[in-house]
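Written out below as structure tokens is the structure these notes cover.
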Protein chains: 2
Amino acid sequence: MNGRSALRLAKLQEALASGGTLHLRDAAELCDVSEMTIRRDLTTQPTAISLLGGRLVMANYPGVTPIYDLTEQQASHYQAKYRLCQRAIAYIEEGDTLFIDCGSTLMPLLSQLSHFHELTVVTYALNVANAVAALPNVRLVLLGGLFYAASQSFGSDNMAAAIERLGINKALISAAGVDLERGVSCFHFHEVAPKQAAIATAMQRLLVVDASKFGVVRPAYFAALDDFDVVVTDEEGAPQLLKSNSRVVPEIVIPSVTVA
Amino acid sequence: MNGRSALRLAKLQEALASGGTLHLRDAAELCDVSEMTIRRDLTTQPTAISLLGGRLVMANYPGVTPIYDLTEQQASHYQAKYRLCQRAIAYIEEGDTLFIDCGSTLMPLLSQLSHFHELTVVTYALNVANAVAALPNVRLVLLGGLFYAASQSFGSDNMAAAIERLGINKALISAAGVDLERGVSCFHFHEVAPKQAAIATAMQRLLVVDASKFGVVRPAYFAALDDFDVVVTDEEGAPQLLKSNSRVVPEIVIPSVTVA
DNA sequence: GCGTTAATGTTAAAATTATAACATTTAGTG
DNA sequence: CACTAAATGTTATAATTTTAACATTAACGC
């Protein structure tokens with residue numbers, strides 16, 4: 001009977017909603033059925049709950065335990081991101097107030113922040129906030145507003161004003177496209193205001209992008225390349241790539257491009 | 001050698017920072033050691049990573065997969081919370097703009113919101129935001145500010161103003177203490193401003209508390225009991241309990257207390 | 001270099017979890 | 001009421017994960 005199966009799953013989902021895991025054994029007891037029935041519910045019905053080594057967890061929980069495992073390839077693709085952030089972290093100093101942009105690029109940076117004694121992170125991204133909230137040594141300021149699921153970030157009218165009120169030391173900005181002529185761009189328009197405000201306020205502006213973004217233009221323009229003090233990227237030939245992909249660029253001076 | 005173990009864990013933690021799980025096998029390969037060494041790292045060193053059925057997950061991820069399992073007792077204690085929220089949800093209607101307070105009381109309510117077609121949730125709590133962010137049918141407005149880990153919520157100067165700008169329909173407020181004479185109170189002072197602003201703005205004010213909070217006074221007072229239109233609680237004798245625990249209360253009229 | 005100790009690897013056994021097959025119960029139908 | 005089919009339970013078996021013991025390797029001091 002399909003209906004009862006759905007009821008059980010709803011019950012379990014509600015039990016898991018506030019976080020945590022539930023052992024299959026406990027789940028079975030909670031629903032007063034056998035473990036096998038719970039297993040069958042999970043495989044038969046489409047559900048947000050997944051079974052991980054005998055324990056039920058919410059699969060869709062943000063940043064949480066997704067169904068997909070990081071395979072080796074993903075892990076090595078992660079390596080690239082990680083190295084990129086390793087270079088970026090060289091610019092961070094004790095006591096800094098950092099603006100951290102949304103997206104996945106800067107995520108590997110965050111866990112590294114635990115090595116510092118005291119930092120402040122300003123962000124408008126939920127995934128960034130979650131990662132930073134777990135760090136006891138880092139003060140977190142989240143700029144709220146209406147949530148945009150696509151970028152896991154918030155947008156609001158007075159975000160620019162809120163950013164300008166903060167004493168941001170260094171802005172770490174990510175981008176989806178970088179072109180010498182057409183400038184630096186991203187996908188979502190609501191990201192433009194916070195990025196621009198951070199660039200305007202910060203004492204030091206770092207653009208953190210992997211080389212695959214060079215020569216690419218995305219819908220939302222938010223800065224010229226020379227608005228940044230430093231461009232942190234991952235390939236040796238990145239500056240050349242940047243030049244070759246755009247047309248005429250004699251007068252534009254690339255800032256100090258960091259290449260390990 | 002302790003140092004290398006820590007290095008490996010750092011590497012793995014960074015790999016997991018952006019969410020996801022890593023199979024023990026892949027973790028071992030990533031670090032170029034045997035699975036056994038990873039196991040030992042995990043048991044020897046204190047770390048935020050936990051092993052769940054052969055997969056590495058971040059244990060401290062907010063609302064995420066904590067190390068503790070919900071035992072039966074916790075699950076049944078959850079039952080109480082769940083029933084409380086079941087009563088609260090009766091007041092929610094299609095299209096509502098809800099203010100959801102911080103704390104764990106209202107968490108079971110959130111997954112129930114998926115049954116509606118369209119809702120808006122306003123909150124200043126990170127755990128609430130995370131749960132709501134996963135719901136495609138609910139618009140999320142997060143009120144940001146400085147993060148307070150103790151209550152998983154944010155505080156800022158202009159939060160009251162931000163709340164008053166929003167058209168909040170119903171405010172669902174939780175509390176740590178309710179006393180007829182001394183009013184409604186919570187633990188943290190930074191919660192007072194948002195709670196009061198929500199109470200001031202909302203068209204309908206619901207206090208959602210289990211009966212164990214009656215007769216209790218906590219440091220931060222934020223409202224009188226009759227500031228609320230509805231008190232949702234879980235025990236039959238709750239209103240009586242409320243009366244008996246305070247001293248003289250002839251003139252105070254308890255609003256419509258919901259008891260199933 | 002040698003001996004010592006910590007770190008890591010290997011292997012086998014134990015415990016747990018997953019899968020499959022078949023038995024039993026329950027709900028619905030004529 | 002008997003019959004059918006879906007749902008659930010039970011059991012055995014396979015696969016995986018965990019634990020423990022011992023072997024091997026690497027680091028360090030003298």
Going 5' to 3' through nucleotides 9-24 of chain D, assign each nucleotide B (protein heavy atom under 4.0 Å from a base atom), S (under 4.0 Å only from sugar-phosphate atoms) or - (no protein heavy atom that close). BB------SBBB----

With B:Tyr148 via side chain to side chain contact (heavy atoms under 4.5 Å, CB included) - residues at least two apart: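 With sequence neighbours excluded, B:Tyr148 shows a side chain to side chain contact (heavy atoms under 4.5 Å, CB included) to B:Leu146, B:Ser151, B:His190, given in chain and number order.
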
Checking A:Asn169 now: which residues fulfil side chain to side chain contact (heavy atoms under 4.5 Å, CB included) with it, not counting sequence neighbours? A:Asp96, A:Thr97, A:Met203

Qualifying salt bridge (Lys or Arg N to Asp or Glu O under 4.0 Å) pairs, either residue in residues 34-43 of chain A, two or more places apart: A:Arg8-A:Asp41

Looking at residues at least two apart in the chain, or sitting in another chain, which of them share a salt bridge (Lys or Arg N to Asp or Glu O under 4.0 Å) with B:Glu93?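 Testing B:Glu93 for salt bridge (Lys or Arg N to Asp or Glu O under 4.0 Å), a comparison that skips the adjacent residues, returns B:Lys170.
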
Go through the structure and list residues passing salt bridge (Lys or Arg N to Asp or Glu O under 4.0 Å) with A:Arg205, not counting sequence neighbours. A:Asp229

Rounded to the nearest Å, what distance is computed from the CG atom of residue B:Asp41 to the P atom of nucleotide C:dA6? 17 Å

